[in-house]
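Note sheet for the following structure.
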Amino acid sequence: MKKLIIALGIIAPSLLFGQIDRSIVPSPGKAPEINIKDSETFKTSNGITVILSENHKLPRVTFDLVVGPGPLLEGQKAGLSEVAGSLIMSGTSTYSKDELDSKIDYIGARLSADKNSLTLSCLTKHMTTGLKLMSDVLKNANFPESEYTRIVKQYESSLLSAKSDPSQMGQNAIAKANFKNHPYGEVMDESTLKNITLEDVKNFYKSTFTPYNSYLVVVGDITRGEAEKMIESYFADWNGPKFTTPEYNMPTKNAGNRVIFVNKPGAVQSYVQITYPMNIAPGDADQLPLTVLNAVLGGGAFGNRLMQNLREDKAYTYGCRSALSIEKEGSLFLAGGNFRNEVTDSAIVEILKEIEGLTDGYATDTELSSTKSSMAGSFARSLESPNTIARFALNIIRNDLPKDYYQTYLKKLDAVTKDDMLTMAQKYFTPRNCNIIVVGNEAILDKLLPFDADGKIEKLDAFGNEVKDLLPADISADELLAKYVSAVTKTSSTKELAKKMKKVKTVKQTMSITIAQAPFPLESTTLWSAPNGEGSKLGGGGMTFQSTYFNGTTGFESNMQTGKKELTPEQITARNKSIGLYPEANYKTSGMTYELIGIENVAGTPMYVLKLNDGETETYDYFDTKSFLKMKSNKIGKDDEGNPQESTTVYSNYKEVGGLLFPHTLTISFADQSLNGEIKEVLINEGSLEDFK
Amino acid sequence: MKKLILGGFIAISSLSVSAQNKIEFVEYDLPNGIHVILHEEHSTPIVAVTILYHVGSKNEKPNRTGFAHFFEHLLFEGSTNIERGQYDKLVEGNGGALNANTSNDRTFYYELLPSNQLELGLWLESERLLHAKVDTKGIETQRSVVKEEKRQRIDNQPYATFIGEMFKRMFVGHPYNWQPIGSMEDLDAAQEIDYIEFYQTYYVPSNATLSIAGDLDIEQTKKWIDKYFGSIPAGQAINLYRDFENLTAEEFEAKHGVAKSAFDSKNFMASKDPNAKKVIAKAKNTPTTIVRPAAPTTQPTTVVRDVIYDNIQLPGLFMGYRFPSESDPDMYALQMLNEVLSGGASSRINKSLVEKKELATFAFSFAYGLESAGVGIFAAIGANGVSLDDIEKAFDEEVALIQNELISQEEFEKIRNQFENQFISSNASVAGIAENLANSHVYYGSANYVNTELSKYLAVTREDIQRVAKKYLTQDARIILQYLPKEEQK
């Protein structure tokens with residue numbers, strides 16, 4: 001069998017062909033000068049920063065308005081900004097949606113909106129009509145109820161179809177895995193979509209689509225004079241409130257590699273991304289050398305290490321690439337591709353090896369010079385589009401870059417050395433602190449186990465939510481509640497229970513709490529008073545930090561930062577759904593919504609999971625399937641600003657006091673904190689609720 | 001390397017520009033038959049070097065589907081003078097970008113380069129044409145890569161098989177009934193003889209269009225083209241030369257009747273041996289014949305209905321009508337008809353199926369034009385809980401409406417304006433211009449079609465649109481495919 005199929009070099013190939021020596025690679029002519037055309041920037045009286053990039057090659061023009069404070073935490077309403085963005089083009093007080101759509105199409109223009117922009121592009125001759133429509137949307141969008149209902153239904157359907165799209169599922173998992181408690185880590189799902197109201201949408205629009213800190217990027221066949229005139233006519237009377245730009249904690253890396261798996265039934269390929277957050281902001285001096293390094297690893301072109309190894313050598317994939325996402329709010333490294341099921345694990349091995357390889361030694365001279373040429377070429381090509389010039393100007397302003405950042409780009413690129421790249425690799429390439437995201441067929445799951453540092457693969461659903469492998473429960477919710485109450489009260493009938501509880505008027509518990517960050521232990525006292533009163537105090541070092549009081553009809557919450565606040569009618573209604581020392585005994589009649597959703601395996605112990613909702617807080621209570629004692633409670637409520645707040649309490653060390661069982665060790669965790677509580681004392685029928693008033 | 005394109009999807013974006021933005025160009029044929037088109041403009045110091053080979057999946061044998069695209073991958077492996085893996089590096093390391101794509105009708109390669117590297121681009125493409133080289137490792141690697149491409153683009157994507165399923169039923173017995181990506185079995189079956197035959201038949205000067213646009217000097221460019229492409233042997237002489245490079249002495253002599261040693265390996269075409277001269281002269285004057293498949297003659301005569309179960313959550317409906325070829329005069333009216341139905345938010349299908357009746361999350365139509373036939377496709381992804389029968393009914397109502405009533409004057413003006421905008425935007429980059437010029441030459445018989453196309457659209461009347469709606473949207477002869485979630489399969 002011949003080795004060479006098409007050209008078999010049995011005799012020396014004829015290098016010469018006619019008068020040409022074909023073996024000689026033509027040498028380049030004189031390098032062309034790269035000119036970056038200037039853009040102009042000016043500010044309007046109502047605060048819009050205008051960036052103008054003139055280009056008269058084609059008779060068309062684009063107006064791109066960028067607004068708002070950037071990404072916001074949306075919590076239980078994740079997806080709000082996206083839904084709002086989809087509704088902006090739903091009509092104005094001047095035109096219905098149908099009229100608006102046909103007016104835009106009539107001039108062959110495009111006018112589109114999303115959560116933080118409104119963009120018009122049209123032929124120059126239709127500019128006035130286009131701008132009239134654009135400014136109408138900007139000032140008079142009116143969000144009709146019918147469109148809101150329709151768009152929500154559309155999202156319901158598209159959330160369904162996201163469940164069969166591997167890259168969509170992968171993107172969601174990447175967001176959730178890397179960005180905890182960060183807007184980039186929020187993903188709309190069926191439950192958050194339900195929480196988004198039309199009022200929320202209108203409020204979002206009002207606070208985001210405002211001239212304050214907004215940018216109008218004008219590109220194309222228009223002069224400075226015309227631009228000023230147009231902006232004066234259509235945007236000068238646009239007004240709106242100021243806003244503050246929130247800051248977020250930069251996400252942190254894992255201690256070891258985590259494997260995160262999303263099941264896609266029937267998948268013939270795995271979508272793989274090896275990813276972790278990076279601490280680098282746009283314009284950082286490291287950005288350019290790091291970008292060169294990433295290009296050698298797997299950025300952009302065909303000639304990089306990932307592509308050459310995983311495609312050209314091993315043929316595992318159609319494409320394997322790496323990327324850097326460097327944003328003001330948070331940055332990310334990504335490397336991956338789509339690989340057939342059988343080679344998914346081998347592909348992960350090779351990607352990790354290539355990342356590690358660059359931390360171990362220098363890139364070759366050829367890699368360095370060829371990558372620099374490739375990046376310089378791509379920079380030059382990008383200048384063909386007039387949008388590039390405008391984008392440069394916008395980046396400079398929004399990211400506080402030096403004014404000559406792009407003018408000197410090629411010079412800075414040329415100065416990058418192999419030493420710089422090794423330094424960057426050692427600083428930013430961390431192949432042992434990755435989130436390894438795999439969307440694929442469950443059949444390959446076992447092969448992924450060796451990559452996970454703690455040997456536990458996390459499973460997420462299509463929207464990046466944890467998948468709990470639930471088994472159906474073998475008893476009903478009411479049976480579970482009865483068994484729990486019977487276990488903690490050590491009674492065996494409702495009659496016996498009623499008799500025993502009749503004697504208990506108050507229960508006072510004192511708990512000592514240790515927090516890593518606090519210099520001294522804190523003490524918490526809670527008192528329950530029949531039939532439905534409760535008081536609590538938390539303090540330490542002679543001070544009370546917070547206290548609560550509720551007597552069954554009124555009450556308050558008080559803490560050092562916000563002072564005393566009376567309970568709202570909603571809070572009182574919610575509290576009255578938990579009546580008694582063991583409210584579980586009364587759920588049937590108190591109006592609490594409850595549902596036994598199944599049996600979950602929690603760290604090796606099967607537990608019943610009971611879902612509760614009192615209208616204010618959603619709670620998941622976990623009960624041991626043998627002892628029926630409550631082992632864990634996971635509450636999802638809201639803080640004072642309506643942001644979601646999740647806390648988990650783990651109960652253990654149940655001890656008997658006065659014939660009743662009380663957990664004596666509690667571990668409470670919320671946000672990034674975790675604290676340990678030890679019950680020091682349980683007193684029955686001592687103390688008074690009035691002590692907490 | 002590269003990717004597949006669906007010919008029809010690009011129809012709209014590759015339209016030309018209005019009179020005020022005339023695209024200037026020069027064109028000529030080299031003596032060996034290569035057609036050259038040059039467009040000079042200096043706004044950015046870059047140049048696009050493109051070459052179109054008039055071969056696509058429709059030229060494949062029925063048991064070698066996917067071969068044209070697979071072969072495109074192989075042609076990045078190198079040449080007599082370019083080692084495996086160096087093709088990419090030569091382009092990217094010199095500041096360029098490269099890729100290629102294969103459709104049912106053509107294979108298109110391109111390099112985007114800094115303008116001082118134009119000569120490099122010409123050399124690279126001339127090497128690919130004259131004497132590409134592939135070894136076993138390259139073949140096996142690209143075979144797997146193409147299969148991964150198929151999994152990624154088609155098999156693992158919801159609904160992505162619909163074009164293939166549609167064409168299979170639309171073009172029974174014609175090579176359009178398979179897709180450029182082909183089948184896994186056929187990719188596995190490819191043999192050495194297939195590569196040689198394909199290369200020697202389709203990768204010859206007379207089947208190539210070299211289109212170059214950007215920051216270039218026409219006279220200098222012509223000189224370089226002469227040097228690298230003008231020297232490529234005409235007719236069968238190119239294959240004689242390839243045999244000279246590839247065959248053993250015995251094989252060569254057995255095939256051509258003259259010993260290899262009679263030829264001058266340094267200057268092949270100027271070999272002095274009288275027998276060699278004779279063979280060369282004969283080969284030069286023997287044109288390469290390409291037997292092109294005739295246009296498909298069959299078409300659906302009834303309603304063909306099928307259900308396809310896929311890994312999806314929402315059901316989808318895909319309907320297909322037989323349309324004429326992309327260069328058929330009726331195609332202008334059909335494209336405008338499609339714009340009425342599916343162009344922009346105010347289009348009839350979006351307003352009716354998505355917004356008013358809320359039957360679909362996404363609904364559209366397109367006029368998919370290929371070189372020798374076309375398909376009119378109506379597609380919708382159902383909203384949650386909606387039946388596909390209701391979607392079909394809603395589509396049918398739109399078809400009936402446009403067949404029975406002239407579109408309004410206002411709607412007519414609207415689509416004309418939409419076309420004008422699309423034309424002007426389609427020639428924004430030199431790469432786009434080079435490709436549009438090549439397509440115009442190959443499919444419409446004249447590169448200047450880029451400058452006359454808009455006028456053909458603007459000549460369409462409202463009556464024309466109604467006429468083609470009646471003629472081609474044949475309710476009693478079409479394909480209707482229902483895509484349903486696999487869980488519903490009994």
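Residue numbers begin at 1 in each chain, while the letters A, B, ... track the order of the sequences.
- For A:L100, no part sits under 4.5 Å from any heavy atom of chain B, backbone or side chain.
- The contact between B:L90 and chain A is made entirely by side chain atoms (from C-beta outward), counting heavy-atom distances below 4.5 Å.
- For B:V430, the parts lying under 4.5 angstrom from a heavy atom of chain A are both the backbone and the side chain.
- Going from atom NZ of A:K97 over to atom CD of B:E355 covers 3.5 Å, rounded to the nearest 0.5 Å.
- Interface remark: of the candidates A:T371, A:I34, A:T317, A:L383, A:T317 forms the most heavy-atom pairs closer than 4.5 Å to chain B.
- The distance from the CG atom of B:N427 to the CG atom of A:L58 is 7.5 Å, given to the nearest 0.5 Å.
- Residues B:E411 and A:Y106 form no side-chain contact, since every pair of their non-hydrogen atoms from C-beta on lies 4.5 Å or further apart.
- For a residue to count as touching a neighbouring chain, one of its non-hydrogen atoms must lie under 4.5 Å from one of that chain's; by this rule B:Q200 does not touch chain A.
- Ion pairing between a basic and an acidic side chain is recognised when a charged N comes within 4.0 Å of a carboxylate O; B:E41 and A:K57 show such pairing.
- To the nearest 0.5 angstrom, B:Q152 atom CD is 4.0 Å from A:N338 atom CG.
- Contact of A:Y316 with chain B is made through the backbone alone, with heavy-atom distances under 4.5 Å.
- The two residues A:F302 and B:D88 make their nearest non-hydrogen contact at CB-OD2, 3.4 Å.
- Here B:S429 is the residue among B:A270, B:G138, B:S429 with the most heavy-atom pairs under 4.5 Å with chain A.
- For B:V386, no part sits under 4.5 Å from any heavy atom of chain A, backbone or side chain.
- Among the candidates B:P45, B:A345, B:S43, the residue making the largest number of heavy-atom pairs closer than 4.5 Å to chain A is B:A345.
- With a 4.5 Å cut-off on non-hydrogen atoms, A:N55 does not touch chain B at all.
- Using a 4.0 Å cut-off between charged side-chain N and carboxylate O, A:K125 and B:E420 make a salt bridge.
- Summarising the geometry, atom CG belonging to A:D21 is positioned 7.5 Å from atom CG belonging to B:N81; distances are rounded to the nearest 0.5 Å.
- A:K264 touches chain B through its side chain: at least one heavy atom from C-beta onward sits under 4.5 Å away, while N, CA, C and O do not.
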Open item on the list: Run B:R84 and A:E312 through side-chain contact (heavy atoms from CB on, under 4.5 Å) and show every step you take.
Closed with: CA-CA 10 Å; B:R84 176 165 197 260; A:E312 296 300 316; 3.9 Å; yes
Open item on the list: One pair to check against side-chain hydrogen bond (donor to acceptor under 3.5 Å, both in side chains): A:R60 and B:S425. What are the steps and the verdict?
Closed with: CA-CA 8 Å; A:R60 55 179 191 166; B:S425 304; 3.2 Å; yes
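- Side-chain atoms of A:R311 and B:T141 form no donor-acceptor pair, as typed in the model, at a separation below 3.5 Å.
- Heavy-atom distances place the backbone of A:E33, and not its side chain, under 4.5 Å from chain B.
- When each of A:A376, A:S121, A:P166, A:S158 is scored by its heavy-atom pairs under 4.5 Å with chain B, the top score falls to A:P166.
- Note on B:R416, B:E140, B:Q313: by heavy-atom pairs under 4.5 Å with chain A, the leading option is B:Q313.
- Contact record, A:D313 with B:K137: O-NZ, 2.7 Å, taken as the closest heavy-atom pair.
- Proximity to chain A is absent for every atom of B:K147, based on heavy atoms less than 4.5 angstrom apart.
- Comparing A:G377, A:G303, A:P32, A:A380 by how many heavy-atom pairs each has under 4.5 Å with chain B, the most go to A:P32.
- Using a 4.5 Å heavy-atom threshold, the side chains of B:N421 and A:H126 count as separate.
- Interface remark: B:E92 contributes backbone and side-chain atoms alike to the contact with chain A (heavy atom separation under 4.5 Å).
- Taking chain A as the reference chain and counting heavy-atom pairs below 4.5 Å, the highest number among B:K89, B:K351, B:K150 is found for B:K351.
- By the 4.0 Å N-to-carboxylate-O rule, A:D101 lies too far from B:K414 to be salt-bridged with it.
- Side-chain atoms of A:Y318 and B:E149 include a donor-acceptor pair closer than 3.5 Å.
- No part of B:Y87 comes within reach of chain A, as not one of its non-hydrogen atoms sits under 4.5 angstrom from that chain.
- In this structure, the separation between CD on B:Q117 and OG on A:S373 is 8.5 Å, given to the nearest 0.5 Å.
- Heavy-atom distances place both the backbone and the side chain of B:A383 under 4.5 Å from chain A.
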Open item on the list: Using the rule given for side-chain contact (heavy atoms from CB on, under 4.5 Å), can you reason through B:L314 versus A:S157, listing the C-alpha separation, both sets of side-chain angles and the distance that settles it, and then say yes or no?
Closed with: CA-CA 7 Å; B:L314 298 170; A:S157 293; 3.9 Å; yes
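- Between B:E358 and A:K153, at least one side-chain nitrogen of the basic residue sits less than 4.0 Å from a carboxylate oxygen of the acidic one, meeting the salt-bridge criterion.
- A heavy-atom distance below 4.5 Å is not found between the side chains of A:P28 and B:E119.
- A donor and an acceptor atom, one from each side chain of A:Q269 and B:E148, are located under 3.5 Å apart.
- For the options B:V145, B:N384, B:D215, B:T44, heavy-atom pairs under 4.5 Å to chain A are most numerous at B:V145.
- Ranked by heavy-atom pairs under 4.5 Å with chain B, the list A:E384, A:Q154, A:M307 is led by A:E384.
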Open item on the list: I'd like to know whether A:D105 forms a side-chain contact (heavy atoms from CB on, under 4.5 Å) with B:Q418, so could you lay out the CA-CA distance, the side-chain angles of the two residues, the decisive distance to 0.1 Å, and finally the verdict.
Closed with: CA-CA 7 Å; A:D105 285 347; B:Q418 286 174 317; 3.5 Å; yes
TODO: Could you walk me through whether A:Y271 and B:N156 pass side-chain contact (heavy atoms from CB on, under 4.5 Å), step by step?
DONE: CA-CA 10 Å; A:Y271 167 100; B:N156 216 33; over 6 Å; no
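- Between chain B and the residues A:G319, A:S370, A:S164, A:S378, the largest count of heavy-atom pairs under 4.5 Å involves A:S164.
- For B:S347, the part lying under 4.5 angstrom from a heavy atom of chain A is the backbone only.
- A distance of 10.0 Å separates OH in B:Y159 from CG in A:D165, rounded to the nearest 0.5 Å.
- The part of A:P265 that comes within reach of chain B is its backbone (N, CA, C, O), which places non-hydrogen atoms under 4.5 angstrom from that chain.
- The contact between A:I107 and chain B is made entirely by backbone atoms, counting heavy-atom distances below 4.5 Å.
- Residue contact with chain A, scored on non-hydrogen atoms closer than 4.5 Å, involves the backbone and the side chain of B:L112 alike.
- Between B:S346 and A:I104 the shortest side-chain heavy-atom distance does not fall below 4.5 Å.
- Of all heavy-atom pairs between A:R381 and B:G95, the closest is NH1-O, 2.9 Å.
- Heavy-atom distances place the backbone of A:S27, and not its side chain, under 4.5 Å from chain B.
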TODO: May I have the step-by-step check of side-chain hydrogen bond (donor to acceptor under 3.5 Å, both in side chains) for A:R22 and B:S79, ending in yes or no?
DONE: CA-CA 11 Å; A:R22 285 198 154 263; B:S79 75; over 6 Å; no
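- Both the backbone and the side chain of A:A267 come within less than 4.5 Å of a heavy atom in chain B.
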